Amino acid sequence: MVQNTNQVEGRAVPEKTLGEIQVDNPRMSARNVNVFYGEKQAIDNISLDIGMSQVISFIGPSGCGKSTFLRCLNRMNDTIDICKVDGEIKIDHQNIYDPAIDVVSLRARVGMVFQKPNPFPKSIFDNIAYGPRIHGLAASKVELDQIVESSLQRAGLWEEVKDRLDQPGTGLSGGQQQRLCIARAIAVSPEVILMDEPCSALDPIATAKVEELIHELREQYTIVIVTHSMQQAARISDRTAYFHLGKLVEVGDTKQVFTNPRHELTQDYITGRFG
Amino acid sequence: MSFTNLMLTVLVISALYFIAGQRVARALRSNNAGKLHSLPHYHGVWAAVTSALPALFVLLTILIGKDLLFQFWARDYFPEDVMNGDTVDRAIALAKVSNVINGISFGEVEPWVQAAGDAWIRWDANAIVVANSLVLAVSLVGGLLGYRRINLAFRSRNYVERILTWMLIGSSLVAILTTIGIVLSVLFESIRFFKLIPPQDFLFGLEWNPQFEGAERAGSGGGTATYGMVPMFVGTFLISAIALTVAIPIGLFSAIYLAEYATPRIRGIVKPLLEILAGVPTVVYGFFAALTVAPFVKSVGESMGLEVASESALAAGLVMGVMIIPFISSLSDDVINAVPQSLRDAAYGLGSTRSEAVRQVVLPAALPGIVAAVILAVSRAVGETMIVVMAAGLAANLSFNPLDAVTTVTSQIVTILVGDQEFESAKTLSAFALALMLIITTLALNYFALQIVKKYREQYD
Ligand SMILES: Nc1ncnc2c1ncn2[C@@H]1O[C@H](COP(=O)(O)OP(=O)(O)OP(=O)(O)O)[C@@H](O)[C@H]1O
Ligand SMILES: [Mg+2]
């Protein structure tokens, strides 16, 4: 579908990404990343910096590789057998695809929130405590309680659930579940949080809550968010990256990308001509 | 006409009606301005079915009914003493009569038996004539009635649909009724047994020794027969427990390996191999147990200074464990796979290692399904016969020692019913009582497993 649109429009995807792929103070930086699912190439030579304590949003038509690229950043693609990644992605000057790196601690540093809320079928408390427990972050029960409470507080869920921490997390509403998942990710004190369309299963009110939360979290965490909502990208992100057919077409300050896109494809997408 | 020929004739007639129905419908379609409601072949099927179904029904009724009816009438020929006797006397009388019909004779045939036999033969001859003419008439007339209803607006498509539905319902009814029939017959025989032996003696008796019954009658040996089922249930559970000790870890671990660790290629090879285990006939496991494992267990045990019976619960249990591995591994593999990928993603996304994700997320989520798999495997183990008959021995010891020879419910049933038995004896009937207990046990286990699975489904739907 996307391909057709591209041909009909007659607009070529540029060889080189337009805009500023580099930032002054990068938390992560990807260089010449290619991703293949078997024979099929899903990401074509993408280079991009993720700025420290910034929110960057990935936008683009369905199937253009946003999720795939996002999942490269904490090596979640390793769980897909046929997926092969080459290129270099660094976090604090350390290549995460270096064979010597410990994937488990990488994922503790780069947390992830998924499109569909996926709480464990355990109690609310155990959901949050899961990460601290497996990484041994709490020395005592008291400390664990503190981590759980502060994570829930930062996710804005504490008031709603403090009286029923022993009840199953799956019993919460969709929006609450998603904030629970965010709290669960925060509980291991990651440096970067990846979010793949975190609001797409939520109603507008729950979405507003999650957006507010992202807004507060940006001070402490670096956040990468995939979204299909242009308004959402405009509201919450500092930088915006536009993906098309596995390529990164353009990246820049959010305001600039939305008011003055450099490429016609970006222009078409944000004005709603396709996507 | 023989039964087969009659069937064939009915089928030929209905085939002819099919052709006729289809042709008349085609003719209607090409002649008329109006629209044919259903496609011609539906009309054909309709005509064929109206001819065949009632005819086959009549045929079946006559076949079943004629003997039942005669058995009822045959009483007129029975002498006084038979009629005054009990059901067994009457059954014997009937058997004598049917021997005459089949041309089997033991010495002198009593005149009333001969008379009854002759009457039965005449009755049969008449019944066949009636059956032939009635069945043919019904198939011709039924088909004709169906055929005459065919017109442009006739909704044969809908009727065929309805007939199909009923045929499907009928098939499942046959399966259900058969099950009910089996359970009821076991139940009635058990009730007869409980009239001879008080239920509490059977249910709680610690000694099983039906052999004395015959001995007593023959005048040799004293003592009385005892029918306590406890030793056999203990044996059954002992062997099942050994089997589960083997099968649960191996089955579960291989399921985890297959579902979570193996690459698709390895999985494609290993899974069918495991399932072959399930296809090995149990008699093969049985002689494997008796000829290889039991002597091995014995020699190992004796080298350690233990006393091991040459047929031991341990040998049978080990082999039975191997037999039920595929049940546990295959079912568990399915439930583990049914755990949503999103839960694994969540666990990995938080930095779990594979075994942490398996232990703390996947297995707890799959636990109800795994429990159900284990319970189904238990009910399989409890009902297993061949291995225990061949490898566990027949001695009804009340023992919890896996090195002793024990016996199980199923192998006792086999022992009781193999060879000649006296009908009506408590010994023979005890097999039914044992079977009833076995059915109740496995039914309860299966019900339990289903409840768990149902609850588990609700969790993710
Ligand atoms: N597990 C997989 N196996 C094979 N191909 C895949 C897999 N996941 C994604 N792809 C392919 O990779 C390409 C990029 O997919 P990706 O999920 O990254 O797109 P996306 O931009 O996130 O789309 P959406 O907005 O719909 O989520 C698509 O063409 C998709 O078909
Ligand atoms: Mg996606």
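These figures come from a predicted structure and were not determined experimentally. Chain A is the first sequence line, chain B the second, and so forth, proteins listed ahead of strands; every chain is numbered from 1.
- A donor atom on one side chain and an acceptor atom on the other are not found under 3.5 Å apart for A:N74 and A:R107.
- Of the atoms belonging to A:R184, heavy atoms from both backbone and side chain fall under 4.5 Å from chain B.
- When each of A:N118, A:V188, A:V113 is checked for heavy-atom pairs under 4.5 Å with chain B, A:N118 comes out on top.
- Side-chain contact, A:R27 with A:Y221: no donor N or O sits under 3.5 Å from an acceptor N or O.
- Contacts between A:P168 and chain B at a heavy-atom distance below 4.5 Å are absent for every atom of the residue.
- Here the side chain of B:S379 pairs a donor or acceptor atom with the backbone of B:L376 at under 3.5 angstrom.
- Both the backbone and the side chain of A:F120 come within less than 4.5 Å of a heavy atom in chain B.
- Between A:D102 and A:S105, the side chains place a donor N or O and an acceptor N or O closer than 3.5 Å (distance only, hydrogens not considered).
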